[in-house]
Novice: 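Take this structure, written in structure tokens, and hold onto it; I'll ask about it next.
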Amino acid sequence: MAQETNYNNRRGGKPEHISKFDHGGRIPPRDNDLEEAVLGALMLEKDAYTVVCDILKPESFYEPSNQKIYAAIQSLGAAQQSIDMLTVTERLRLMGELENAGGPMRVSELTSRVASGAHVEFHARIVAQKYLARELIKFASQIEAQAFDESYDVDDLLQEAEGKLFEISQRNVKKDVTQIDPVINAAIEQIQTAANRASGLSGLESGYHELDKLTSGWQRSDLIIIAARPAMGKTAFVLSMAKNMAVNYNIPVAIFSLEMSNLQLVNRLIQNTCEIEGEKIKSGQLSQMEWDQLMSRVKNLYSAPLFIDDTASLSIFELRTKARRLVREHNVQFIIIDYLQLMNASGMKFGSREQEVSMISRSLKQLAKELNIPIVALSQLNRSVESRGADSKDGKRPQLSDLRESGAIEQDADIVCFIHRPEYYLRSGTDAAGNDIRGLAEFIVAKHRSGRVDDVKMRFKSRYARFENWDGEVEMTSGTKMSRLNAVADEGGGDFNPVSPFQGGSADILGAAPDDAPPF
């Protein structure tokens with residue numbers, strides 16, 4: 001049980017109440033002299049408050065009377081009013097806290113004990129550090145008590161502990177300003193690196209050439225949101241991209257799948273890489289040629305720097321821990337999350353789900369900056385897309401306002417993209433102008449913080465759940481490119497039809513061609 005012990009104030013002669021916790025009778029970290037020095041400097045120096053306002057808050061002070069005085073100073077600073085002995089005393093009187101703060105005499109004594117406010121920032125940082133130490137002690141005491149209580153579920157306790165520790169750590173996340181010269185040097189170095197690359201890209205290649213031209217590759221520290229309605233192929237796209245990056249470019253990629261198991265994801269990758277229909281992979285009903293094709297092409301996936309985590313209901317705190325380990329141990333350079341709305345922030349309390357999603361998206365952006373890698377998070381869209389008519393101004397094309405559950409997703413993201421397949425809504429296979437849209441997928445870059453927005457055409461092969469470049473080039477595992485005609489010929493022909501519906505052609509020749517018939 002906490003004990004109360006009276007100590008004589010070394011300067012004021014007044015008793016000071018200090019709580020001793022059950023930590024061997026030790027007093028929590030505090031320094032009343034420094035707290036008083038900071039308060040005195042704030043009332044003496046004109047610009048002192050602007051220096052410490054981001055460092056301190058009322059609870060940073062250990063003494064309750066000091067907390068009340070700083071709260072009055074904070075109130076004056078927020079109102080951009082003068083801060084001195086008289087205005088602080090008057091503000092305390094208006095707040096009804098003057099006597100609790102020690103009266104006018106104590107406020108006056110604080111200014112008389114300080115000769116200069118030259119070291120106010122240094123002193124304020126020490127006060128802030130001691131406050132963080134007290135918070136950690138309090139946090140550890142609570143976790144210790146709950147760990148002894150067998151009624152608590154250990155997994156829930158771990159989640160709660162991680163959440164609270166994250167809160168405490170965020171209070172101390174401060175970064176000093178940087179003079180521009182080293183930043184200019186880093187920018188020039190990045191430009192030179194991009195110039196020396198054959199691709200001319202400054203970021204990571206996705207394997208989709210028009211998209212890479214638009215973004216200059218996925219940039220480090222960027223948060224990229226890829227959103228779509230169900231059945232548009234979000235997971236198929238990121239798996240196609242992950243395969244391109246890991247297999248063709250040897251870029252280590254991590255996939256956090258909250259919706260599908262790792263076995264389901266690998267089956268989708270096999271379907272994508274080996275060009276075998278998903279139904280046949282599930283049933284195992286493969287012809288001898290398909291078995292040979294499977295065993296030949298699946299070798300490309302072995303030893304690929306591709307890491308999969310299928311933890312259900314993953315929390316943002318678990319993700320941070322796992323992501324740091326993957327970057328440290330496996331040099332992972334690209335992270336994919338499928339999908340954002342299935343994540344949670346357990347251990348923290350929110351007034352609504354929207355606030356929780358806002359916190360998650362903000363934390364993902366912070367994680368991308370901390371690890372200095374791009375993070376792609378898939379997101380659902382709300383049903384407003386379905387309520388718009390196909391013939392309306394925007395039709396079924398997604399918009400930024402369609403992002404589900406939180407406008408903060410749009411604000412936090414550096415790039416927001418949408419996947420739209422018109423043929424899903426236009427079953428005729430042609431648009432209003434009579435253009436054939438079978439297999440067409442539009443990758444819409446709706447927000448781009450450091451570049452232009454535009455649409456990128458891609459080809460979606462539904463049988464293989466695979467996205468490809470619109471121009472008909474296929475990326476081989478060696479990184480080289482060849483035309484689709486040559487690629488299919490090398491693979492033994494298959495059911496390739498040399499008449500493309502995008503170049504005209506007889507309906508009799510096409511017959512019942514699949515919706516993903518390969519173009520030239």
Side-chain angles (χ1 to χ4, degrees), residues 2 4-20 27-138 167-168 170-177:
E4 295 291 333
T5 305
N6 291 332
Y7 290 82
N8 288 328
N9 189 304
R10 281 174 287 178
R11 293 186 176 179
K14 297 180 181 179
E16 180 181 358
H17 299 286
I18 301 175
S19 297
K20 286 187 178 180
I27 301 171
R30 30 86 62 187
D31 193 316
N32 192 52
D33 287 345
L34 279 175
E35 290 185 8
E36 292 183 346
V38 169
L39 293 174
L42 290 173
M43 289 185 283
L44 281 178
E45 296 290 334
K46 179 180 178 182
D47 299 321
Y49 178 72
T50 60
V51 175
V52 306
C53 62
D54 291 332
I55 302 172
L56 298 175
K57 48 190 176 180
E59 54 266 38
S60 301
F61 294 83
Y62 181 76
E63 284 296 324
S65 59
N66 293 342
Q67 292 178 6
K68 292 175 173 58
I69 294 172
Y70 186 77
I73 292 173
Q74 190 180 55
S75 176
L76 290 168
Q80 296 186 338
Q81 296 178 3
S82 299
I83 300 172
D84 56 40
M85 178 186 69
L86 296 176
T87 57
V88 170
T89 301
E90 182 59 25
R91 183 53 59 100
L92 284 168
R93 183 179 288 110
L94 292 174
M95 295 167 60
E97 297 286 0
L98 183 57
E99 294 306 316
N100 293 330
M105 184 63 69
R106 172 124 198 282
V107 177
S108 175
E109 288 176 351
L110 290 173
T111 57
S112 64
R113 294 174 188 170
V114 179
S116 167
H119 305 295
V120 65
E121 182 179 1
F122 180 72
H123 293 162
R125 292 193 182 278
I126 296 176
V127 171
Q129 289 294 320
K130 291 186 179 297
Y131 164 66
L132 281 174
R134 294 196 301 271
E135 287 292 285
L136 285 172
I137 292 170
K138 179 181 176 182
E167 281 188 273
I168 295 172
Q170 289 302 100
R171 298 172 192 168
N172 200 38
V173 175
K174 300 290 180 186
K175 189 172 182 180
D176 292 333
V177 295

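Computed over heavy atoms, backbone and side chain alike; hydrogens, waters and symmetry mates excluded.
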Novice: Of the non-hydrogen atoms in Pro29 and Ile137, which two are nearest, and what is the gap between them?
Specialist: CD-CD1, 3.5 Å
Novice: List for me each residue that meets side chain to side chain donor-acceptor pair (under 3.5 Å) alongside Ser65, sequence neighbours excluded, and say none if there are none.
Specialist: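 Partners of Ser65 under the side chain to side chain donor-acceptor pair (under 3.5 Å) test: Arg106.
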Novice: Nearest 0.5 Å, what's the CD-OG1 distance between Gln81 and Thr87?
Specialist: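 Separation between the atoms: 8.0 Å.
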Novice: Which atom pairs, donor and acceptor, lie under 3.5 Å between side-chain atoms of residues 67-79 and protein residues at least two apart or in another chain?
Specialist:
| residue | atom | partner | partner atom | Å |
| --- | --- | --- | --- | --- |
| Gln67 | NE2 | Phe61 | O | 2.7 |
| Tyr70 | OH | Leu56 | O | 3.3 |
| Ser75 | OG | Arg91 | NH1 | 2.4 |

Novice: With sequence neighbours excluded, what pairs up with Leu44 under the side chain to side chain contact (heavy atoms under 4.5 Å, CB included) test?
Specialist: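 Listed in chain order: Thr111, Val114.
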Novice: Heavy atoms, side chains only, cut-off 4.5 Å: are Glu45 and Val120 in contact?
Specialist: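 No, side chains not in contact.
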Novice: Grab the two heavy atoms, one from Tyr62 and one from Glu35, that are nearest each other, plus how far apart they are.
Specialist: N-OE2, 2.7 Å
Novice: Quick check for you: to the nearest 0.5 Å, what is the distance between Leu110 atom CG and Asn66 atom CG?
Specialist: 7.0 Å
Novice: List for me each residue that meets side chain to side chain contact (heavy atoms under 4.5 Å, CB included) alongside Ser108, sequence neighbours excluded, and say none if there are none.
Specialist: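 Counting only residues at least two positions away or on another chain, Ser108 forms a side chain to side chain contact (heavy atoms under 4.5 Å, CB included) with Met85.
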Novice: Output the distance between atom OG1 (Thr50) and atom CD1 (Ile83), rounded to the nearest 0.5 Å.
Specialist: 8.5 Å
Novice: If you round to the nearest 0.5 Å, how far is CD of Glu36 from CD of Glu63?
Specialist: 8.0 Å
Novice: Rounded to the nearest 0.5 Å, what's the gap from CG on Leu39 to CG on Leu34? Could you check?
Specialist: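 Going from CG on Leu39 over to CG on Leu34, the span is 11.0 Å.
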Novice: Can you tell me how far apart OG1 (Thr89) and CG (Asp84) are? Round to the nearest 0.5 Å.
Specialist: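 One finds 8.5 Å between OG1 of Thr89 and CG of Asp84.
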Novice: What is the minimum heavy-atom distance between Ser60 and Arg134, and which atoms define it?
Specialist: O-NH2, 3.0 Å
Novice: What pairs with Glu121 under salt bridge (Lys or Arg N to Asp or Glu O under 4.0 Å), at least two apart in sequence or on another chain?
Specialist: Arg125
Novice: Please, which pairs that meet ring pair (Phe, Tyr, Trp, His ring centres under 6.0 Å) have at least one residue in residues 78-120, sequence neighbours excluded?
Specialist: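 Sorted pair list comes back empty.
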Novice: Which pair of heavy atoms, one from Leu92 and one from Ala101, lies closest together, and at what distance?
Specialist: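 Result for this residue pair: CD1-CB, 3.9 Å.
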